[in-house]
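One structure is given below, encoded as structure tokens.
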2 protein chains.
Amino acid sequence: MKTVSAVALDATDRKMLRALQADGRMSNTDLARAVALSESASLRRLRALETAGVISRYAAIINERAVGLPISVFVTVTLSSQAESALTAFETAIATVPEVVECYLMTGGSDYLLRLVVRDVDDLERVHAKALTTIPGVTRVSSSVAMRTVVKRGALPV
Amino acid sequence: MKTVSAVALDATDRKMLRALQADGRMSNTDLARAVALSESASLRRLRALETAGVISRYAAIINERAVGLPISVFVTVTLSSQAESALTAFETAIATVPEVVECYLMTGGSDYLLRLVVRDVDDLERVHAKALTTIPGVTRVSSSVAMRTVVKRGALPV
DNA sequence: ATTGAAAGAGACGATGT
DNA sequence: ACATCGTCTCTTTCAAT
């Protein structure tokens, strides 16, 4: 696992990142125009941002409702042990559950916060029973369902 | 606001969505090869997915640490009124706070769950004081900080 | 209705000035 | 920063299944 430390970004870099968060398939020609640089200078900066790991990847953003996964559920998981080995074991296990789209280790103990996307409540129950409670060391699992997504994957304020 | 209802997807569509979530800048030539179609058939399907709103956009995925926003904070906000007008007012106000990258209305009351990205704890305090508690109708605000992100913006299980 | 092949236009990447 | 040039990619058209 490579840790990426903070990188110095100037105003032009930030403009590029904002443009590419809004349209990740923008051509370099358009990007250069958007940040008022020549195409070669724009491409050089873009490659530098990619190489430095500032841009980790490009992705198509999928409409969750359109693909039949309209329900987001936030799940809090407590482990019985907070030893690093127990945390790693949990994280390895949870990475194999496709419905888990986000997973954070929270401060103050051994609590994880997960976001799942599911088809319906039966699907939630299935994932809960088959994938979450069966992981060794999982002590408590509590879920709350999102009714409405107000901001979905907003861009970072760069 | 346009609501996108679920769309029928076949196995090839799903393969395309998986490929494009992993690499949103993949060329149509490569995409066609990945799903075993001709370029023209691949491109036609891709445009259909875009037009139907299954793919909402393409985005560069930014490394939060690399741009100096290493801290994710989950904030629960309770409103004093659960009237639809109060909810809408809150959602309009929260949309103007750049640090808020996700916002969900949770079932069972008038609680919102937000994810903020901030530079450090001073930055969190500033956003908390200047942007969150000043929104009319906000009654309770409680924060918890993520120590570690295990799965960052995982792909949807399509 | 969906696919495949082909051809022109445009973008990309590399190089040199 | 600009110009150039070969290559790759996108897009449309048309025929086939």
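Chain A is the first sequence line, chain B the second, and so forth, proteins listed ahead of strands; every chain is numbered from 1.
- For the residue pair A:Tyr58 and B:Gln21, no side-chain donor N or O sits within less than 3.5 Å of a side-chain acceptor on the partner.
- Ion pair A:Arg126/A:Glu99 flagged as a salt bridge, since at least one NZ, NE, NH1 or NH2 atom sits closer than 4.0 Å to an Asp/Glu carboxylate oxygen.
- Whole-Å rounding puts the B:Leu31 CG to D:dC10 C1' distance at 13 Å.
- Between B:Phe90 and B:Tyr112, the ring centre distance stays below 6.0 Å.
- When the P atom of C:dG13 is taken as reference, atom CZ of A:Arg45 falls 18 Å away, rounded to whole Å.
- Between the side chains of A:Asn28 and A:Ser42, a donor-acceptor pair is found at a separation under 3.5 Å.
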Apply side-chain hydrogen bond (donor to acceptor under 3.5 Å, both in side chains) to the pair B:Arg115 and A:Tyr104, showing each step before the final yes or no. CA-CA 11 Å; B:Arg115 183 166 72 93; A:Tyr104 300 89; 3.2 Å; yes

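- Dashed line: the shortest gap from a side-chain N or O of A:Arg47 to OP1 or OP2 of C:dG13 is under 4.0 Å.
- A donor-acceptor pair shorter than 3.5 Å cannot be found between the side chains of A:Thr76 and A:Asp111.
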Taking protein heavy atoms under 4.0 Å as touching, what does nucleotides 4-11 of chain C look like 5' to 3' if B marks base contact, S marks sugar-phosphate-only contact and - marks none? BB-----S

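- Going from atom CZ of B:Arg33 over to atom P of D:dC8 covers 11 Å, rounded to whole Å.
- Among the heavy atoms of the strands, none lies under 4.0 Å from B:Arg25.
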